[in-house]
Number of protein chains: 2
Amino acid sequence: MAIEVPKTRRGETSRAAILNAALDLFQERGYEATTMRSIAERTGVSLGSSYHYFPSKEHLVLEFYRHTHELHAAAIAPLLSREKDLATRLRGTIRAVVVTCEPFHAVAGSIFSTVANPASPLNPFGGIAKPLRDEVVQLYADVVSGSDARIPADIAEMLPLMLWLYQMGILYFWIFDRSPGRLRTLEVIDETTDLIVRLISLASLPVLRGSRKRILGLIKDIVERPQG
Amino acid sequence: MAIEVPKTRRGETSRAAILNAALDLFQERGYEATTMRSIAERTGVSLGSSYHYFPSKEHLVLEFYRHTHELHAAAIAPLLSREKDLATRLRGTIRAVVVTCEPFHAVAGSIFSTVANPASPLNPFGGIAKPLRDEVVQLYADVVSGSDARIPADIAEMLPLMLWLYQMGILYFWIFDRSPGRLRTLEVIDETTDLIVRLISLASLPVLRGSRKRILGLIKDIVERPQG
DNA sequence: ATGTGGATTTGAACATGTTCAACTTTCAGC
DNA sequence: GCTGAAAGTTGAACATGTTCAAATCCACAT
């Protein structure tokens with residue numbers, strides 16, 4: 001059985017080297033084309049060593065996901081500290097997602113599928129990836145709370161999670177996007193982020209009050225009740 | 001290279017037998033636990049023969065998908081021919097999806113992930129599975145057009161595809177549902193189908209005119225422009 | 001310095017999806 | 001009924017993710 005964290009300096013070095021080689025190879029050759037043997041070979045360790053630190057190839061994907069999240073968070077930090085307009089913050093954040101992930105576009109399909117697999121421990125809805133998902137959701141909470149928009153409390157409560165889900169949808173679209181410079185995705189982002197902000201303000205209309213309560217109640221119920 | 005369709009009577013028999021064994025084993029043991037060797041063994045043919053008719057294990061999933069679609073279509077035929085109320089038609093149709101798929105609940109996660117993989121030829125957005133997707137979308141077109149609801153043309157045009165997408169979301173939720181009798185999913189279906197019908201009627205409000213046009217325009221643009 | 005116990009490393013072995021070249025069966029045309 | 005080409009069948013071989021028992025390394029107490 002693989003361990004979770006290295007206990008010695010040598011172990012730390014090995015783990016980091018294996019992870020590095022894996023991230024490089026994923027980018028160079030894609031997920032499927034990167035074999036566990038090639039990772040071990042590039043690292044300069046034996047095949048078995050990789051499994052000492054990462055229980056499976058899938059678990060390397062989790063680190064990959066964490067890595068891009070860190071890049072993304074760093075990329076948007078200046079925007080979030082300067083900009084106050086919600087639509088601008090949201091557009092910049094989502095644009096940064098696809099810009100950050102651009103080097104991994106070729107791998108993204110396999111990664112996405114791996115992560116979306118409900119049977120996988122990496123699934124963000126319940127496996128070991130939940131902490132990382134929570135971190136990303138928190139990022140969207142910051143996008144909202146750092147803006148000057150006045151969001152009703154019931155919406156504000158569920159909005160970060162919804163924005164995370166929305167981001168996943170954008171990523172899925174982006175994976176299929178073959179347009180030059182991925183312009184198509186950027187157009188869709190600009191239009192949808194603007195629409196989202198518009199819909200949030202429309203949600204305060206009295207005619208929509210009933211549906212809004214029902215929708216938010218449903219979401220809350222789904223999120224808060226255990227299992228599924 | 002595998003062939004697409006048997007040319008002899010013997011070939012037809014073999015193909016059908018292999019498919020049968022595969023569907024049975026998927027149900028009995030799940031997708032991963034069903035090996036190509038076990039399929040061949042149960043069928044009474046050699047390993048290589050399976051690959052003569054199905055280029056990969058994934059392609060067997062496509063047939064599995066087709067199979068459940070046929071069960072589903074048959075299950076809702078009476079409802080669609082008798083009922084006129086849109087909400088009732090929609091609720092019955094979506095409920096029938098999860099009821100039909102219930103025997104395959106344990107396999108569904110792997111199946112879903114396989115189908116959702118953008119790199120897979122089975123992906124409904126562009127691979128060989130597109131014809132089958134179109135068939136399912138058509139089913140939702142029937143659900144809508146056979147009702148007595150008056151749907152504005154711009155909405156009616158995109159609604160079937162949106163309902164197909166919605167159905168996928170419900171299936172994903174259902175995969176995670178561990179509640180007894182999958183009651184949780186049924187509750188969510190009842191609430192969401194009702195909400196959908198309500199939102200469709202709200203969409204005709206003058207205040208929402210602008211956003212509605214933008215949303216439908218965006219969807220149409222995404223669907224009709226080639227690639228992504 | 002030496003022994004010890006845990007951490008780390010190793011590589012052979014295994015399971016399984018996939019490929020392929022050789023072999024066998026089928027059947028349409030004579 | 002014969003024949004040859006097309007269709008179907010076979011099983012060995014390969015690639016790759018994963019497991020595991022044995023070997024090695026290393027920090028530390030004695």
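Sequence lines set the chain letters: A, B, ... in the order given, protein chains first and strands last, and positions in each chain run from 1.
Of the candidates D:dT9, C:dT8, C:dG17, C:dT8 carries the atom nearest the A:H52 side chain, counting heavy atoms from C-beta on.
A close approach under 4.0 Å does occur between a side-chain nitrogen or oxygen of B:Y53 and OP1 or OP2 of D:dT9. Between B:S14 and the phosphate of D:dT9, there is a side-chain N or O to OP1/OP2 separation shorter than 4.0 Å. Between B:S49 and D:dT10 there is a side-chain polar atom (N or O) within less than 4.0 angstrom of OP1 or OP2. For A:R10 and C:dT9, the shortest distance from a side-chain N or O to OP1 or OP2 is below 4.0 Å.
In terms of modelled atom types and a separation under 3.5 Å, the side chain of B:R133 and the main chain of B:G126 share no donor-acceptor contact.
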Does B:Y140 form a side chain to side chain contact (heavy atoms under 4.5 Å, CB included) with B:M162? I'd like the steps, not just the answer. CA-CA 9 Å; B:Y140 284 101; B:M162 292 299 103; over 6 Å; no
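Within 4.0 Å (heavy atoms only), B:T34 reaches sugar-phosphate atoms of the nucleic acid but no base atom.
Across residues 104-120 of chain A, not one residue has a non-hydrogen atom less than 4.0 Å from an atom of DNA chain D.
The shortest heavy-atom contact between B:T68 and B:T100 is O-CG2, 3.9 Å.
The CE-P distance, from A:M36 to D:dT16, rounds to 13 Å in whole Å. Here the C1' atom of nucleotide C:dA13 and the CZ atom of A:R37 are 11 Å apart, to the nearest Å. As rounded to whole Å, 15 Å separates atom P of D:dG17 from atom CD of B:E32. To the nearest angstrom, P of C:dA15 lies 20 Å from OH of B:Y31.
Counting only N and O atoms by type, the side chains of A:D134 and A:Q138 include no donor and acceptor under 3.5 Å apart. Checking B:H52 against B:S49 by side-chain atom types alone, no donor-acceptor pair falls below 3.5 Å. A side-chain N or O of A:Y166 and one of A:T192 form a donor-acceptor pair less than 3.5 Å apart.
Closest-nucleotide positions on DNA chain C for A:G48 and B:L47 were compared, and the one nearer the 5' end corresponds to A:G48. A residue-by-residue look at B:G11 and A:T35 shows that B:G11 has its nearest nucleotide of DNA chain D further toward the 5' end.
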